[in-house]
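Each remark here refers to the structure printed beneath this line.
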Protein chains: 2
Amino acid sequence: MHHQHKDPRAAILDAAESLFASQGFEATTIKQVGGAGRVNSALLYYYFKSKEGLYHAVLTRMVETLLTTGQEHFEVAASPEDAVRQAVAAFATFLLHHPRAPNLFAREMLDHEAKHAADLLPRVASGIFERLSEAIRQGQMEKAFRSDLDPRFAAISTIAQVVYFAIARPAVGVLLGHGTTGPPPEVTREFGRHAADFALAALARPRERAPMLPLESVP
Amino acid sequence: MHHQHKDPRAAILDAAESLFASQGFEATTIKQVGGAGRVNSALLYYYFKSKEGLYHAVLTRMVETLLTTGQEHFEVAASPEDAVRQAVAAFATFLLHHPRAPNLFAREMLDHEAKHAADLLPRVASGIFERLSEAIRQGQMEKAFRSDLDPRFAAISTIAQVVYFAIARPAVGVLLGHGTTGPPPEVTREFGRHAADFALAALARPRERAPMLPLESVP
DNA sequence: GTCTATAGGTGGATAGAC
DNA sequence: GTCTATCCACCTATAGAC
């Protein structure tokens, strides 16, 4: 999975990302980072100001990747329905390559109330959530979606499913009968499809319109 | 908010619950617990085996409360639709009284892969998730819900919304324009209603049936 | 049951050789 | 740029007086 690094800086970043995500910031020691990255642990202070500085660098790099992935998916969306599917797919793709990413972000919310991500959150908000909300609003205007749901709330509900599934892996695993190690990859992919279906089913107009019929014909 | 305690054990539990939830297990020190509970910090080792033992006691007490709340709500559910609303309401009620609870559980998943909650998760699974899944399955059999969604996945999607909203408060706050302190209580309640609506909209049968009509009359 | 004092161990960070 | 050695702060846990 992980290839050898010539660049010590990248090696440190990779090791730190993995450790912070799996153990948390406080529980991860400088020496663990050095060990995992096969780099002298004192070297960390040459490339980064402090343990916190390293942490911030890890968060920043990950957000950039997420934004790029989101960008690529939204670009190919042809309709509001498609945009919803693409938004879910963007997260699913991102999670496939960075399985621990939700852990890292979730921790940042929990441990530091997003203090270190204060400059990053608005970029995620405008880069992904706002675009999804906008697509939903668009679908409502085009009468493709029901209009009694708040577009921003609906966007949160959509993304929440897949992010929760990733964060609460142990709990979800127990619920689905796979134990605390969490569900196998196949089930995870299956849930990704389900999440898009669930969101689109919620957004769908409740009853079939009778298109093209004059109003008088409706009882 | 917090009343004075005569019972040092309860004082320690309350202080630890609050601190573990807001800072995490590793970042919380014994002396902070003692300080917040107005109890000598060495006393902790008289009532609990260790810092880990205290942590486990906090988790256990919280799960019991959640299960009781869930129980009470499910008991009054008269229909599958009602059960879905009651499940969301159970979590909403619980979160109202224990705003930091999701943080605590989320941390346990993230920091320790639910190691300390291994004995608690099955109880939550069977006490709440299974009952919600069962209600959804029931609704599908009664033709009240669409039948192309996996009941267990649908249960996860339903709960995911409200739990995600609680965990990702800072991110959700930024998205909705309230800053990293998170949305005000009113918006939180509003989202609770939305979550139930969203889930029921997703579960609803896609088109209106023509009830009681003989089959031949359908074109 | 409650408190003081402290042992024993570890972690972040730096100084300075190479 | 990289490594060794180490300082200092702080944390968990216990011993033992009261």
Side-chain angles (χ1 to χ4, degrees), chain A residues 2-61 103-104 107-108 110-112 115-117, chain B residues 2-61 103-104 107-108 110-112 115-117:
Chain A
H2 287 272
H3 45 75
Q4 294 292 352
H5 284 282
K6 288 156 199 169
D7 179 8
R9 193 173 194 279
I12 293 172
L13 273 174
D14 287 350
E17 176 177 313
S18 167
L19 286 166
F20 286 155
S22 62
Q23 305 179 339
F25 176 74
E26 282 82 7
T28 299
T29 71
I30 298 295
K31 290 171 190 176
Q32 281 179 325
V33 174
R38 298 170 178 279
V39 167
N40 189 296
S41 46
L43 201 55
L44 193 151
Y45 290 93
Y46 177 76
Y47 287 104
F48 303 93
K49 195 186 146 208
S50 65
K51 192 187 174 190
E52 273 210 343
L54 169 60
Y55 177 62
H56 194 268
V58 166
L59 281 182
T60 302
R61 190 178 65 162
N103 296 28
L104 205 59
R107 274 179 206 294
E108 178 50 21
L110 296 174
D111 295 348
H112 314 111
K115 204 191 318 165
H116 301 90
Chain B
H2 286 273
H3 45 76
Q4 294 293 354
H5 284 282
K6 289 155 199 169
D7 179 7
R9 193 172 194 279
I12 292 172
L13 274 174
D14 287 349
E17 176 178 312
S18 167
L19 287 166
F20 286 155
S22 62
Q23 306 179 338
F25 176 74
E26 283 82 7
T28 298
T29 72
I30 299 295
K31 293 179 186 173
Q32 282 178 323
V33 175
R38 300 170 177 278
V39 167
N40 189 295
S41 47
L43 203 55
L44 193 151
Y45 291 94
Y46 177 78
Y47 287 104
F48 301 94
K49 195 186 144 208
S50 63
K51 191 188 173 189
E52 273 209 342
L54 169 60
Y55 178 60
H56 194 270
V58 167
L59 281 181
T60 303
R61 191 179 64 161
N103 296 29
L104 205 59
R107 273 180 207 293
E108 179 50 22
L110 297 173
D111 295 349
H112 314 112
K115 203 192 319 165
H116 301 90

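Treat the numbers as computed from the prediction; the structure is a model and nothing was measured. A, B, ... follow the sequence lines: proteins, then strands. Residue 1 opens every chain.
If you take CG of Leu19(A) and P of dG11(C), they are 13 Å apart, rounded to a whole angstrom. In this structure, Glu52(B) places its CD atom 18 Å from P of dC11(D), rounding to the nearest Å. Distance OH (Tyr55(B)) to P (dT12(D)): 15 Å, rounded to an integer number of Å. Whole-Å rounding puts the Ile30(A) CD1 to dC7(D) P distance at 20 Å. Going from atom CZ of Phe48(A) over to atom C1' of dG1(D) covers 14 Å, rounded to whole Å. At whole-Å resolution of the value, CD in Glu26(A) and P in dT12(D) are 12 Å apart. To the nearest angstrom, C1' of dT4(D) lies 18 Å from OH of Tyr46(A). As a whole-Å value, the separation of Arg9(B) CZ from dG1(C) C1' is 14 Å.
Comparing the start and finish of the helix from dG1(C)-dC18(D) to dC18(C)-dG1(D), five pairs each, the helix axis swings through 0°, to the nearest 10 degrees.
Side chain of Lys51(A) to main chain of Thr28(A): a donor-acceptor pair is present (N/O by atom type, distance under 3.5 Å, no hydrogens or angles). Judged purely by atom type and a 3.5 angstrom limit, Gln23(A) has no side-chain atom pairing as donor or acceptor with the backbone of Phe20(A).
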Inset, instruction - Determine, stepwise, if the pair His56(B) / Phe48(B) fulfils side chain to side chain contact (heavy atoms under 4.5 Å, CB included). - result: CA-CA 10 Å; His56(B) 194 270; Phe48(B) 301 94; over 6 Å; no
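Rounding to the nearest 0.5 angstrom, the gap separating the CG atom in Leu110(A) from the CG atom in Leu110(B) is 6.5 Å. Atom CG of Leu13(B) sits about 8.0 Å away from atom CD of Glu17(B), to the nearest 0.5 Å. The line from OH of Tyr46(A) to CZ of Arg9(A) is 11.0 Å long, rounded to the nearest 0.5 Å. Interatomic distance, CD1 of Ile12(A) versus OH of Tyr45(A), reported as 11.0 Å (0.5 Å rounding).
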Tabulated below should be each protein N or O lying under 3.5 Å from an N or O of nucleotides 15-18 of chain C; please produce it.
none

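The side chain of Leu43(A) sits closest to dC3(D) out of dC3(D), dA13(D), dG1(C). Checking dA13(D), dT12(D), dT2(D) against the side-chain heavy atoms of Ser50(B) singles out dA13(D) as nearest. Checking dT2(D), dT2(C), dT12(D) against every side-chain atom of Pro8(A), the shortest atom distance belongs to dT2(D).
Heavy atoms of Ser41(B) sit nowhere under 4.0 angstrom from any nucleic acid atom.
Listed by chain and number, the residues in a side chain to side chain contact (heavy atoms under 4.5 Å, CB included) with Glu52(A) are Phe25(A), Ser50(A), His116(A) (sequence neighbours excluded).
Leu43(A) has its side chain within reach of Pro8(A): a pair of non-hydrogen atoms, C-beta onward, lies under 4.5 Å apart.
Listed pair Tyr47(B) / dT2(C) meets the phosphate criterion, a side-chain N or O lying under 4.0 Å from OP1 or OP2. An OP1 or OP2 oxygen of dT14(C) is reached within less than 4.0 angstrom by no side-chain nitrogen or oxygen of Tyr45(A).
A salt bridge links Arg61(B) to Asp14(B): at least one charged side-chain nitrogen sits closer than 4.0 Å to a carboxylate oxygen.
Summary of the strand contacts: Val39(A) and Lys31(A) both lie near DNA chain D, and taking for each the nucleotide with the nearest heavy atom, the more 5' one is attributed to Val39(A).
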